[in-house]
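Structure first, then comments.
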Amino acid sequence: FFMATNNRERIVSVAQEMFLARGIRSVRMDDIAHACGVSKRTLYEIFNDREELIGESLLHHASQIHNRSQEVTAQAENVLHAFWLEAMHRSKNLSGVSTLSEDLRRYYPKVMENIMPQIHEAVVHHTREKLSIGMEDGLILSNLDLDFFSRALTNYVYGLGVIEANTATTDVVITSQTVPTAILIF
């Protein structure tokens with residue numbers, strides 16, 4: 001069991017790197033198997049299908065970004081500085097994401113529908129926590145609609161516009177006119 005778990009994690013990590021470097025569509029299961037030193041059959045013994053591997057790779061990538069973001073923002077003087085540092089960090093580390101998003105949208109809509117909302121909601125939650133801290137510290141207006149601006153900032157700052165912000169979890173409607181309003185709050 002330990003070896004299978006280790007293999008699974010290694011395969012997810014390698015696949016993630018390959019997907020970011022070359023795009024999902026350009027990476028074949030044979031390529032991943034070869035890079036990991038396992039057979040294609042082993043891949044399909046560990047993962048039910050290609051979509052499962054893609055989904056786990058996306059979640060792994062999101063987790064890595066979140067962890068790196070936490071490290072970067074831990075150095076911040078306050079929550080506004082943390083937002084700034086996080087935005088700068090993300091802008092430097094978004095290579096491959098646009099190709100990945102386009103591949104998901106065009107070729108793997110099922111993965112996009114299942115996985116991306118999880119990632120989106122995690123980022124919205126993280127953003128909401130930071131906005132709340134800013135309110136407590138008196139750096140952000142206390143009458144700010146946290147749900148609305150958490151979603152607006154997630155879409156604007158983090159580039160998660162691939163997800164409809166108007167999910168079933170809120171009745172907030174985010175439009176191109178409301179995002180500048182969110183930025184003016186800061």
Side-chain angles (χ1 to χ4, degrees), residues 12 16 19-20 24 51-52 54-186:
V12 166
Q16 172 212 323
F19 292 149
L20 285 170
I24 296 171
E51 290 185 356
E52 182 181 357
I54 292 168
E56 285 196 33
S57 296
L58 290 171
L59 292 172
H60 178 71
H61 182 64
S63 176
Q64 283 184 322
I65 289 173
H66 178 73
N67 291 342
R68 280 189 231 124
S69 173
Q70 295 290 74
E71 291 170 9
V72 167
T73 59
Q75 303 166 17
E77 297 169 19
N78 58 49
V79 73
L80 296 179
H81 188 218
F83 272 117
W84 176 257
L85 289 175
E86 194 167 330
M88 294 299 98
H89 174 74
R90 285 185 192 271
S91 69
K92 290 178 189 174
N93 294 291
L94 288 179
S95 65
V97 172
S98 61
T99 301
L100 189 116
S101 295
E102 184 60 28
D103 281 356
L104 282 172
R105 187 177 296 117
R106 293 179 81 195
Y107 305 111
Y108 300 96
K110 184 178 168 184
V111 175
M112 183 110 170
E113 289 172 21
N114 294 333
I115 301 299
M116 294 305 288
Q118 294 174 44
I119 294 169
H120 183 260
E121 288 306 312
V123 176
V124 167
H125 177 75
H126 176 69
T127 302
R128 190 180 204 291
E129 286 178 344
K130 288 199 305 194
L131 287 172
S132 183
I133 291 168
M135 288 174 150
E136 290 171 11
D137 292 347
L139 298 171
I140 295 176
L141 295 175
S142 61
N143 63 348
L144 183 72
D145 181 337
L146 283 176
D147 291 326
F148 173 82
F149 286 107
S150 298
R151 291 185 184 288
L153 285 172
T154 297
N155 286 348
Y156 186 78
V157 175
Y158 304 111
L160 289 177
V162 297
I163 299 300
E164 222 13 78
N166 312 320
T167 65
T169 60
T170 182
D171 58 0
V172 172
V173 176
I174 307 226
T175 67
S176 58
Q177 290 77 35
T178 55
V179 173
T181 303
I183 301 308
L184 288 176
I185 295 299
F186 294 103

Subject >> Heavy-atom closest pair, residues Thr154 and Thr127 >> reply: OG1-OG1, 3.5 Å
**OP:** Drop me the distance from Leu20's CG to His61's NE2, to the nearest 0.5 angstrom.
**Re:** 4.5 Å
**OP:** Mind checking the CG-OG spacing from Asn155 to Ser150? Nearest 0.5 Å is all I need.
**Re:** 11.0 Å
**OP:** Show the numbers, then the answer: is there a side-chain contact (heavy atoms from CB on, under 4.5 Å) between Leu141 and Met135?
**Re:** CA-CA 6 Å; Leu141 295 175; Met135 288 174 150; over 6 Å; no
Original post:
For the atom pair CG (Leu139) and NZ (Lys130), what is the distance rounded to the nearest 0.5 Å?
Top reply: 13.0 Å
Original post:
With sequence neighbours left out, what residues match Asn114 under side chain to side chain contact (heavy atoms under 4.5 Å, CB included)?
Top reply: Lys110
Original post:
Taking atom CG of Leu100 and atom CE of Met112, what is their separation to the nearest 0.5 Å?
Top reply: 9.0 Å
**OP:** Go through the steps to decide whether Arg105 and Glu102 satisfy the test salt bridge (Lys or Arg N to Asp or Glu O under 4.0 Å), and finish with yes or no.
**Re:** CA-CA 5 Å; Arg105 187 177 296 117; Glu102 184 60 28; 3.0 Å; yes
Original post:
What residues form a salt bridge (Lys or Arg N to Asp or Glu O under 4.0 Å) with Glu52, not counting sequence neighbours?
Top reply: Arg8
Subject >> With Ser132 via side chain to side chain contact (heavy atoms under 4.5 Å, CB included) - residues at least two apart >> reply: Glu136, Leu146
Subject >> From CG (Leu59) to NE2 (His66), nearest 0.5 Å >> reply: 13.5 Å
**OP:** Verify the distance criterion only: is there a donor paired with an acceptor across the side chains of Glu56 and Gln16 at less than 3.5 Å?
**Re:** no
Identify all side-chain donor-acceptor contacts of residues 73-83 below 3.5 Å with residues at least two apart in sequence or on another chain.
residue: Thr73; atom: OG1; partner: Ser69; partner atom: O; Å: 3.0
residue: Thr73; atom: OG1; partner: Gln70; partner atom: O; Å: 3.4
residue: Asn78; atom: OD1; partner: Leu80; partner atom: N; Å: 3.0
residue: Asn78; atom: OD1; partner: His81; partner atom: N; Å: 2.9
residue: His81; atom: ND1; partner: Glu77; partner atom: N; Å: 3.0

**OP:** Please identify each residue that fulfils side chain to side chain donor-acceptor pair (under 3.5 Å) with His125, with sequence neighbours left out.
**Re:** Glu129
Original post:
What distance separates Tyr107 OH from Asp103 CG, expressed to the nearest 0.5 Å?
Top reply: 6.5 Å
Subject >> Contact summary for Leu131 and Phe149, nearest pair of heavy atoms >> reply: CD1-C, 4.0 Å
**OP:** Show the numbers, then the answer: is there a side-chain contact (heavy atoms from CB on, under 4.5 Å) between Leu104 and Leu58?
**Re:** CA-CA 10 Å; Leu104 282 172; Leu58 290 171; 3.7 Å; yes
**OP:** Report the C-alpha separation of Glu121 and Arg151 in whole Å, then their side-chain angles, then the decisive distance to 0.1 Å, and conclude whether the side-chain contact (heavy atoms from CB on, under 4.5 Å) test is met.
**Re:** CA-CA 9 Å; Glu121 288 306 312; Arg151 291 185 184 288; 2.8 Å; yes
